[in-house]
Amino acid sequence: MASQEDVFKKLVAHCKEYGFVFPSSEIYDGLGAVYDYGQNGVELKNNIKKYWWDSMILLHENIVGIDAAIFMHPTTWKASGHVDAFNDPLIDNRDSKKRYRADVLIEEQLAKYDEKIDKEIEKAAKKFGDSFDAELYKNTNPRVQEHIAKREALHARYTKALNANDLVELKNIILDEGIVCPISGTRNWTDVRQFNLMFSTEMGSTADGAMKIFLRPETAQGIFVNFLNVQKTGRLKVPFGIAQIGKAFRNEIVARQFIFRMREFEQMEMQFFVRPGEELKWFEHWKQFRLKWHKALGLGDHKYRFHDHDKLAHYANAATDIEFEMPFGFKEVEGIHSRTDFDLSQHAKYSGKKIEYFDPELNKSYTPYVIETSIGVDRMFLSIMSAAYTEETLENGENRVVLKLPAVLAPVKACVMPLVKKDGLPEKAREIMNMLKFDFKCAYDEKDSIGKRYRRQDAIGTPFCVTIDHDTLNDNCVTVRHRDTMQQERVNIEQLHAMLADEVNMKKLFKKIVEE
Ligand code: GAP
């Protein structure tokens, strides 16, 4: 069986070969951690964004959207704390000259302990068979207990160091744990230093008069600075939310793992403004809502888990991640943060403007508290592609690569194929294209054998192939072939549109989310 690392490499190659993701400016050898989306990638990405946007805007009458500029007044970032505190602790290996995030090195070490614990349990489960009690074994087996104790001690030490911003202790942990550079294999580490992740540029024509501005590292601040504009013009009552999708930029130190950690990426963020004191209730509400949104896609409920933050960001009083099982382990896809009144208060302080809400029910003014849901479009894209990428050996011994994408997100919904390029079949196929194209992204393919055409569509995740054959001209029926099961059925052309509409409609997913 291929290792997960091999699967990931294949997925990256597949994304390029089939027009999903290309390295940025590739003809100049690319640019570190910057990527372009190709013809299929952009469709998938747009569908993800629509799924998120509509789940916010259509399903909630108290959530509205905005689209703020990327450039913002530089004081925004002073007020938000990003100028002073948006740092990563970095460490260099002197032998390989490679740079790492100290916190990531330690988190990987924690994951190694978890793997050891899981392996011991798996081994025992095989040995003892059906009567095996995993929980009991975990709590009593001396070897497992030893791993757990080591993991917990490391976790406690690490959390303490992070929260105290103790860079010396972070380095000591790396040394004490014997963590080596994956490239050089040595422990020849430099000291740990803080590194600010914001990109800056200059606005204005002359060097003298130019103003240093930042590329936004999160879209959220565009929402906070517009709080009063939106609340007043929309006559919105707390609790209410403001949603936004847009680009964000971070000068990531360690930019590996393809589109998982990029320097230019896209976020889908929603800030939900609530009464002070009610934030933890809403935090719980949004945790559950967001998890349902993920699970409704049907990628496998076991692939998600919550992970509470070891170190709270400078603005938060509670925070959790929704992690997804990628080929390289469980990784953060979304963050849900209780941001208190930090941002609005800071902007009030730095701007000198009163940013408050008058609550007619309580008959008093206050600075609302905020629950934020923040998800990276690119990470969501990667999690979907990871779950969808499948290699299969068919009954006839042939292999196929198929992207089992949720039909609602698939870049192309149906491929229309005349069996042969003559006898009036292409004309009939064009009629069907014309019938479907206003509502569904369709492809037309008349080249090569039907088998080859199926493989091409499997590789980009097209859920339905519609074949027009000679019988079609007599019975007005087409053969619809389903991507995952490869089963075929005859469908009357009159019913084709309704069938597709039912299968690729986001409404089904939304109903799952709100009705559960
Ligand atoms: N406004 C809060 C915020 O930005 P975050 O946890 O730093 O919180 C939110 O980022 C989400 O943005 C992450 O869960 C991730 O999906 C995405 N994200 C963050 N940095 C990223 C990067 N360098 N590349 C791709 N996605 C990233």
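For the single chain, residues carry numbers from 1 onward in sequence order. First listed ligand is number 1; within each ligand, the first listed atom is number 1. Hydrogens, waters and symmetry mates are skipped; everything else that's a heavy atom, side chains included, is used.
Of all protein heavy atoms, the one closest to atom 24 (N) of ligand 1 is M262 N, 2.8 Å. From the protein, the heavy atom lying nearest to atom 15 (C) of ligand 1 is R379 NH1, 3.6 Å. Protein heavy atom at the shortest distance from atom 18 (N) of ligand 1 is F265 CE1, 3.5 Å. Nearest non-hydrogen protein atom to atom 9 (C) of ligand 1 is S374 OG, 3.0 Å.
With a heavy-atom cut-off of 4.0 Å, M380 does not touch ligand 1 at all. Contacts between E372 and ligand 1 below 4.0 angstrom, taking non-hydrogen atoms only, involve the side chain exclusively. Contact annotation: for R339 versus ligand 1, heavy atoms closer than 4.0 Å belong to the side chain alone. With a 4.0 Å heavy-atom cut-off, ligand 1 is reached by no atom of D321.
Checked against a 3.5 angstrom limit, the closest N/O atoms of G376 and ligand 1 fall inside it. Considering backbone and side-chain atoms alike, E332 places an N or O below 3.5 Å from some N or O of ligand 1. Looking at I259 next to ligand 1, no N or O pair under 3.5 Å apart turns up.
Between E252 and R101, some side-chain heavy-atom pair lies under the 4.5 Å cut-off. Side-chain atoms of Y357 and K237, non-hydrogen and from C-beta on, do get closer than 4.5 Å to each other. Residues R379 and R261 have side chains in contact (heavy-atom distance under 4.5 Å, counting atoms from C-beta outward).
Scanning all heavy atoms of the two residues, the minimum distance from L405 to I460 falls at CD1-O, 3.8 Å. Taking all atoms of both residues into account, the shortest heavy-atom contact from A210 to E202 is CB-OE1, 3.8 Å.
The aromatic rings of F289 and W286 sit perpendicular to each other, their planes meeting at more than 60°, with 30° as the lower class boundary.
Each of the atoms 14 (O) of ligand 1 lies under 4.0 Å from some heavy atom of E334. Of all atoms in ligand 1, listed by their number and element, those nearer than 4.0 Å to a heavy atom of G335 are 14 (O). Ligand-side atoms of ligand 1 in range of F260: 24 (N), 25 (C), 26 (N), range being under 4.0 angstrom from any heavy atom.
When ring centroids are compared, Y304 and F324 come within the 6.0 Å threshold. Ring centers of H307 and F330: at least 6.0 Å apart, outside the cut-off.
Atom CZ of F71 has 12 or fewer neighbouring heavy atoms from other residues, nucleotides or ligands inside a 6.0 Å radius. For K353, the NZ atom counts as loosely surrounded, since its 6.0 Å shell holds 12 or fewer non-hydrogen atoms of other residues, nucleotides or ligands.
Distances from atom 20 (N) of ligand 1 to the heavy atoms of E269, R250, E218, Q267 show the closest one on R250.
Residue contact check for ligand 1: H337 places a non-hydrogen atom closer than 4.0 Å to it. Contact analysis puts V333 in contact with ligand 1, with a non-hydrogen atom separation below 4.0 angstrom.
Looking only at atom types and distance, the side chain of E284 has a donor-acceptor partner in the side chain of Q288 under 3.5 Å away.
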